[in-house]
Structures are given as C-alpha cells and as structure tokens.
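These notes are about the structure you will find just below.
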Amino acid sequence: MKIIYLAIVLSVFVLIGCEKGEPMVLLDEPIKAIHFSPSKGVGEINETILFSIKEDADIKTVEKVILTAVKEPTVINERLPDYDVMVEYKKGLPTHAIHLWVGEQDDPSILMYMVNDGETYLTTGDMTNVLREMVKK
C-alpha cells in the first residue's frame, strides 16, 4: 500500500513539473550570427540590420535567452516589437525570425516566432537583464 501511495505522490509531482510552458526551440545546428533590426510590426521582418552578434560567447548567451523562454499567453495590445531577431545558421539553413519585446529590468521579455499564430514565449527577469546588456552595447 505504501508503494502505491508513493507512486501516486511521485506521479503528481511529475505532472506538476510538466505543466510548465514548452520552451522555444532553434535548430540543433551551429549559429553563424544573430542579427537585430528595429521591428516594423508583427508578421513582418525588417532586414535592415541594426547590429549583429557574431562572437561565439555572445551567440551562446542570446541562444540561452531564446531557449529558456517558455510558452505563455501574453497580451501585447498591438504594441510593436522592439526588435526583429534573425538567427542565421552556419550551414546556410533557413533563418529563424523572431519578434522581441524587451522587458524592463527584472521583468520578463516576450518572444514570438514570426511565422507563428501569436504564440508568445516569456523569458525570466534574469534573462531580460542579460538581454538588456547585450542590446545596449
């Protein structure tokens, strides 16, 4: 009986842990550069690059910001994204286009795939702080 009770308790913990939103994904391929452009709006991509991140350490940092963002419905109230982010891969694979709303210090930032149906992903406040430092440079 104790084993059944323990199994039920563990199952509940596993299910609660799985309820977190699903994370953003990128291709499991080396990234050549991450480009940032001022956004023209949701559904559009501005190809006029404001700045690019090309150093491996900086790419890994931005990649971590993206990959740790989790799906969570968010109201953006027709506010334009701050940036269009283009993840360019080394092997000439298609570029990932992402809209980015940069949060205030310690607040979440919002990311959205350009080709998605409005599904938003939120970063942690810590990841926003890292991101704010990157876009400030």
Backbone N/O of [Y] and side chain of [X]: donor-acceptor pair under 3.5 Å:
X    : Y    : value
D107 : G125 : no
T120 : M112 : no
Y121 : L67  : no
N129 : D106 : yes
S37  : T48  : yes
T74  : E72  : yes
W101 : R79  : yes

Nearest 0.5 Å please: distance from the [atom1] atom of [X] over to the [atom2] atom of [Y].
X    : Y    : atom1 : atom2 : value
R132 : S109 : CZ    : OG    : 8.0 Å
L122 : K71  : CG    : NZ    : 12.5 Å
N46  : H99  : CG    : NE2   : 11.0 Å
L131 : K64  : CG    : NZ    : 13.0 Å
S39  : D82  : OG    : CG    : 8.0 Å
D58  : E63  : CG    : CD    : 12.5 Å

Test item: [X] and [Y] side chains (from C-beta on) under 4.5 Å apart, heavy atoms:
X   : Y    : value
I98 : M24  : yes
D84 : M114 : no
I45 : M86  : yes

Yes or no on side chain to side chain contact (heavy atoms under 4.5 Å, CB included) for V70 and E22, after CA distance, side-chain angles and deciding distance? CA-CA 5 Å; V70 293; E22 67 184 68; over 6 Å; no

Go through the steps for L93 and L27 under the test side chain to side chain contact (heavy atoms under 4.5 Å, CB included), then give the verdict. CA-CA 9 Å; L93 296 165; L27 297 179; 4.0 Å; yes

For the residue pair [Y] / [X], report whether a side-chain donor-acceptor contact shorter than 3.5 Å exists.
X    : Y    : value
T123 : T128 : yes
T124 : D126 : no
H96  : Y89  : yes

Do [X] and [Y] belong to the same hydrophobic cluster, where Ile, Leu, Val, Met, Phe, Trp and Tyr are linked whenever their side-chain heavy atoms lie under 4.5 Å apart, directly or via other members?
X    : Y    : result
I110 : V102 : no
I31  : V135 : yes
V85  : I76  : no
F51  : I59  : yes

For E29, enumerate each residue passing the side-chain hydrogen bond (donor to acceptor under 3.5 Å, both in side chains) test, keeping only those at least two apart in sequence or located in another chain.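 For E29 the side-chain hydrogen bond (donor to acceptor under 3.5 Å, both in side chains) partners, ignoring immediate neighbours, are K91.
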
More than 12 heavy atoms of other residues, nucleotides or ligands under 6.0 Å from CD of Q105: is that the case? yes

Could you work out the complete set of other residues in the hydrophobic cluster of L80, with links drawn between I, L, V, M, F, W and Y side chains under 4.5 Å apart? none

Check each of D56, I34, V130 against T61 using the side-chain contact (heavy atoms from CB on, under 4.5 Å) test, and report the only one that passes.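 Of the listed residues D56, I34, V130, the side-chain contact (heavy atoms from CB on, under 4.5 Å) partner of T61 is V130.
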
Run the side chain to side chain contact (heavy atoms under 4.5 Å, CB included) test on L111 and Y83 for me, step by step, so that the C-alpha distance in whole Å, both residues' side-chain angles and the decisive distance to 0.1 Å come before the verdict. CA-CA 10 Å; L111 296 109; Y83 298 100; over 6 Å; no

